[in-house]
Amino acid sequence: MDTIFALASAPGRAGVSVIRISGPDAVAVASGLMANVPEKRGLRRLVDADGVLLDEALVLRFARGHSFTGEDVIELHCHGSTAIIAAVNSRLASLGAVPAGPGDFTRRALENGCLDLAQVEGLADLIDAETEAQRKQAVRVFSGELGQLAEGWRQNLIRAAALIEATIDFVDEEVPVDVYPEVRQLLVGVKSGLEKQIAGSFAAERVRTGFEVAIVGPPNIGKSTLLNRLAGRNAAITSEIAGTTRDVIEVRMEISGLPVTLLDTAGIRDTDDIVEKMGVDLARQRAENADLRVFLSEDGQTTPFPRQPTDLVLVGKSSAAGGVSGLTGDGVSEMIRQIGQELSSRSANAGLAIRERHRRQMISTLDQLNHAEDQMALGLPVDLLAEELRSAVRSLDSIVGRVDVEDLLGEIFSSFCIGK
């Protein structure tokens, strides 16, 4: 296996930059840069092939089995000059190390059993986290909570399968113990946990990718002005001419620690203008698919299409109670508070299944357990029941990457930055 290296900190000028080396020859490669590699850490002079000083760096050494990748790892904490980084990288390449690609260090952590696949996905989300809610959610998955949950279910299903398979030895005679009550109890417990996580996966996925809140209403009701107030900039064109907004304008922001995309939509009305009608149709579609809608109207009650119980209906261009004005800012704080309260309530039910992949595998496991219960009720042969339980275990194993995930790895690691 190659020994790889990469800049593990952000590129560009910095106070300190970190270059990571990992692989079977990490110590030997590092030895070509300095007089001797410290046992744990120490300051060292980094030199080129002719002994000319490149930089003085803090060198950290992580022994195999005690590093992020599970391999021998050397980290060089250099001064953050682009010239220094280029010179050190050139020297590492000349010593036989290979530049790492996106996610190569994390891939090795997975292959060496330091992380499971769910933890890898949690790490990717942690690196990409923009809000406090995203950080907290990603930390839980990265710390292994989802893997531990799946392992608990797995052990219970293995126990249930073992009980069923034990009865196969008695197919021609009376089974000495009725194992079905314990099997049923085990299946009910696992099913309950799966159902809870599946239900919470939709909120968790929204925390990860962001909620959408659509601002909806007729033309000239103050939607674009309100969006600009929330964005703190002129994100949308405003005018007194009806039909100015024809596309959906999106602004990303944080509300109550949650990632939220606000949508300014075209004014909804009947029109003969083909282009404006396309905008109105798009506005309606995006609004109906949004997680929450803020309807602006003249009376605070009328909406252009049926509202959901949690949607907000406010008087547009109004400073009165129950109104909101993007021009003056009146009512904006209260509107944001209500949006944050509603979305926080939804995210409180978020589970540990943060990706559609997790949800699919859990649903598959749940279906197999339902089939197993049906087979028990119908008195079908126990070998069929045992196989159904083994299939359920394989579905759980896919969550943490034990089986059937090789085709996913390229897609997952392509989202990682080089150096991680």
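- The pair Glu182-Arg159 meets the salt-bridge criterion, with a side-chain N (NZ, NE, NH1 or NH2) lying under 4.0 Å from an Asp/Glu carboxylate O.
- Side-chain atoms of Asp25 never come within 3.5 Å of backbone atoms of Ala28 as a donor-acceptor pair (strictly under, hydrogens ignored).
- Within a 6.0 Å sphere centred on CD of Glu195, heavy atoms belonging to other residues, nucleotides or ligands number more than 12.
- Checking side-chain atoms of Ser391 against main-chain N and O of Glu387 turns up a donor-acceptor pair under 3.5 Å.
- The list of side-chain hydrogen bond (donor to acceptor under 3.5 Å, both in side chains) pairs with a residue in residues 204-214, not counting sequence neighbours, reads Asp125-Arg208, Glu205-Arg359, Arg206-Asp291, Glu212-Arg286.
- By the neighbour-count criterion of 12 heavy atoms within 6.0 Å, atom CD1 of Ile127 is densely surrounded, having more than that number from other residues, nucleotides or ligands.
- The side-chain tip of Arg20 points at the ring of Phe105 from less than 6.0 angstrom away and within 45° of straight on.
- One finds a salt bridge joining Glu130 and Arg252 here, because a Lys/Arg side-chain nitrogen approaches an Asp/Glu carboxylate oxygen to under 4.0 Å.
- Nearest heavy-atom pair, Ala350 versus Gln137, reported as atom, atom and distance to 0.1 Å: CB-OE1, 4.0 Å.
- For the pair Glu111 and Arg108, the salt-bridge criterion is not met [side-chain N within less than 4.0 Å of a carboxylate O].
- The list of side-chain hydrogen bond (donor to acceptor under 3.5 Å, both in side chains) pairs with a residue in residues 183-192, not counting sequence neighbours, reads Lys191-Asn370, Lys191-Glu373.
- Between the side chain of Ser201 and the backbone N or O of Ile198, at least one donor-acceptor pair lies under 3.5 Å.
- Between the side chains of Ser319 and Ser325, no donor-acceptor pair of N or O atoms lies under 3.5 Å.
- In this structure, the side chain of Ser17 does not engage the main chain of Arg13 through any donor-acceptor pair within 3.5 Å.
- Heavy atoms only, all atoms of each residue included: Ala160 and Val183 are closest at O-CG2, 3.9 Å.
- The CG atom of Leu366 sits 9.5 Å away from the NE2 atom of His371 when rounded to the nearest 0.5 Å.
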Salt bridge (Lys or Arg N to Asp or Glu O under 4.0 Å) evaluation trace for Glu75 with Arg61: CA-CA 7 Å; Glu75 286 188 357; Arg61 179 174 178 174; over 6 Å; no
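- If you check the side chains of Glu121 and His358, you find a donor sitting under 3.5 Å from an acceptor.
- Side-chain N or O atoms of Lys136 include none that pairs as donor or acceptor with a backbone N or O of Thr131 at under 3.5 Å.
- Within the 3.5 Å criterion, the main-chain N or O of Glu71 finds no donor-acceptor partner in the side chain of Arg64.
- A side-chain donor-acceptor contact under 3.5 Å links Ser143 to the backbone of Val139.
- Formation of a donor-acceptor pair under 3.5 Å by the Asp264 side chain with backbone atoms of Leu227 is not found in this model.
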Test side chain to side chain contact (heavy atoms under 4.5 Å, CB included) applied to Glu342 and Ile255, step by step: CA-CA 11 Å; Glu342 171 58 28; Ile255 297 178; over 6 Å; no
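- Listed by first then second residue, pairs satisfying ring-ring contact (aromatic ring centres under 6.0 Å, His included) with a partner in residues 304-340 read Phe295-Phe305, not counting sequence neighbours.
- For Arg337, the CZ atom is densely surrounded, since the number of other residues' heavy atoms within 6.0 Å is greater than 12.
- Expressed to the nearest 0.5 Å, how far CG of Leu194 lies from CH2 of Trp153 amounts to 4.5 Å.
- With hydrogens and angles ignored, the 3.5 Å screen pairs a side-chain donor or acceptor of Asp299 with a backbone N or O of Gln301.
- Pairing each heavy atom of Ala97 with each of Val29, the nearest pair is CB-CG1, 4.2 Å.
- Between Ala150 and Leu396 the shortest heavy-atom distance is O-CD1, 4.1 Å.
- Between the side chains of Gln341 and Ser256, not a single donor N or O lies within less than 3.5 Å of an accepting N or O.
- Enclosure of atom NE2 in His79 is not indicated, since only 12 or fewer non-hydrogen atoms of other residues, nucleotides or ligands lie within 6.0 angstrom.
- Of the possible donor and acceptor atoms, none in the side chain of Gln134 sits under 3.5 Å from a partner among the backbone N and O of Ala129.
- What you find for Ile399 and Gln361 is that their closest heavy atoms are CG1-CB, 3.6 Å.
- With hydrogens and angles left out, the side-chain atoms of Ser297 and Thr302 include no donor and acceptor closer than 3.5 Å.
- Residues Ala372 and Leu187 approach most closely at CB-CD1, 4.3 Å, considering heavy atoms.
- With Val294 as reference, Met335 is the one residue of Met335, Gln338, Lys223 to meet the side-chain contact (heavy atoms from CB on, under 4.5 Å) rule.
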